[in-house]
Amino acid sequence: MNAGTAGEMRLVFLGPPGAGKGTQAKVLEERFGARQISTGDILRANVANGTPLGLKAQSFMDSGGLVPDDVMIGMIESELAKYDSFILDGFPRTVAQAQALDALLAKLKLPLTAVIQFDADRETLIARLTGRWTNPRTGRTYNSLFNPPLVAGIDDDDGGPLVQREDDTRDVVTARLATFDEKTAPLIAYYANSGLLVHVNALKSIDDVTSDILAALQTRPKASRA
Ligand code: AMP
């Protein structure tokens, strides 16, 4: 693996909503100790707590748009100061955010290990998102079609209630996918020449996607960007 120090892992997870970025980030965090930094989770916590940031972000999130770049760049700056190994799950989402990330990592002398692009078709993404149910306490997710809990609405593990995200309705999902196409998909070209970009087939099983990511990290041409 190409990392500043043996054992360090600094990944960007790129890909449309519903591709499994959060799921894989949790797996790698568990196995390798790299911190999952999910900007969506941080924003949702701020919305739930009614912070000024949450109040500012909510309307953008509800409509399937993006929270303004300056807000997100400020957030990632304070998060990255805390960890040497991390998985960026949901950041960057615009070219301006990617440029800011490059500048920040150069300053911190923490080069990225790889950028993983999760590829999936639209129908699968819509089915995954609109069928997604989460245990808000543990973050465990289910899907009513592909991976249902034993009892609808109840977590198999702790018996707690499962909830659907407010932006996982069909209308908002459609808007989120359009936002990805317009604002975030250009990042595939942005990273294409860096030697860091790896595509994985996100339609495979959770275990197979993890294996593909790890295999790619072993074989990827040596390059770094910071
Ligand atoms: P996610 O959980 O990654 O799907 O993010 C949920 C919502 O949070 C997105 O639809 C955006 O409104 C907002 N969001 C998360 N990350 C970013 C980001 N890097 N830039 C702008 N908005 C973001």
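Both ligands and their constituent atoms are indexed starting at 1 by order of listing.
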Under a 3.5 Å threshold, yes or no: a donor from one side chain and an acceptor from the other, between Tyr142 and Asn135? no
Got a donor-acceptor contact below 3.5 angstrom from the Thr39 side chain to the Gly90 backbone? yes
Could Lys107 and Asp102 be called an ion pair, given the rule that one side-chain N must be under 4.0 Å from one carboxylate O? no
For atom 20 (N) of ligand 1, closest protein heavy-atom neighbour: Gln97 NE2, 2.9 Å
Tell me the protein heavy atom at minimum distance from atom 13 (C) of ligand 1, and give that distance in Å. Leu43 CD1, 3.5 Å
Out of Ile116, Thr210, Asp208, which residue meets the side chain to side chain contact (heavy atoms under 4.5 Å, CB included) rule with Val200? Ile116
Enumerated ligand 1 atoms positioned under 4.0 Å from heavy atoms of Leu66: 21 (C), 22 (N)
Would you say Thr124's side chain and Ala120's backbone share a donor-acceptor pair under 3.5 angstrom? no
Do any nitrogen or oxygen atoms of Arg93 come within less than 3.5 Å of a nitrogen or oxygen of ligand 1? yes
Does only the side chain of Val67 get under 4.0 Å from ligand 1, or the backbone, or both, or neither? Count heavy atoms. both
Under 4.0 Å from any heavy atom of Arg176, which atoms of ligand 1 are there? 4 (O)
Below 3.5 Å, N or O to N or O, backbone or side chain included: is there any such pair between Thr39 and ligand 1? yes
What about Asp41: any of its N or O atoms under 3.5 Å from an N or O on ligand 1? no
Within-shell test, Lys21 vs ligand 1, heavy atom, strictly < 4.0 Å: no
One thing to verify: whether Arg122 and Asp181 come together as a salt bridge, which I'm taking to mean a side-chain N less than 4.0 angstrom from a carboxylate O. yes
Could an N or O of ligand 1 be found under 3.5 Å from any N or O of Arg165, whether backbone or side chain? yes
Hey, is Met72 touching ligand 1 through its side chain, its backbone, both or neither, going by heavy atoms under 4.0 Å? side chain
Heavy-atom proximity to atom 10 (O) of ligand 1, picking from Pro68, Gly90, Gly65, points to Gly65
The residue among Thr23, Asp157, Thr134, Asp158 that forms side-chain hydrogen bond (donor to acceptor under 3.5 Å, both in side chains) with Arg140 is Asp157
Tell me whether Leu104 is reachable from Phe91 by hopping between hydrophobic residues (I, L, V, M, F, W, Y) whose side-chain heavy atoms are closer than 4.5 Å. yes
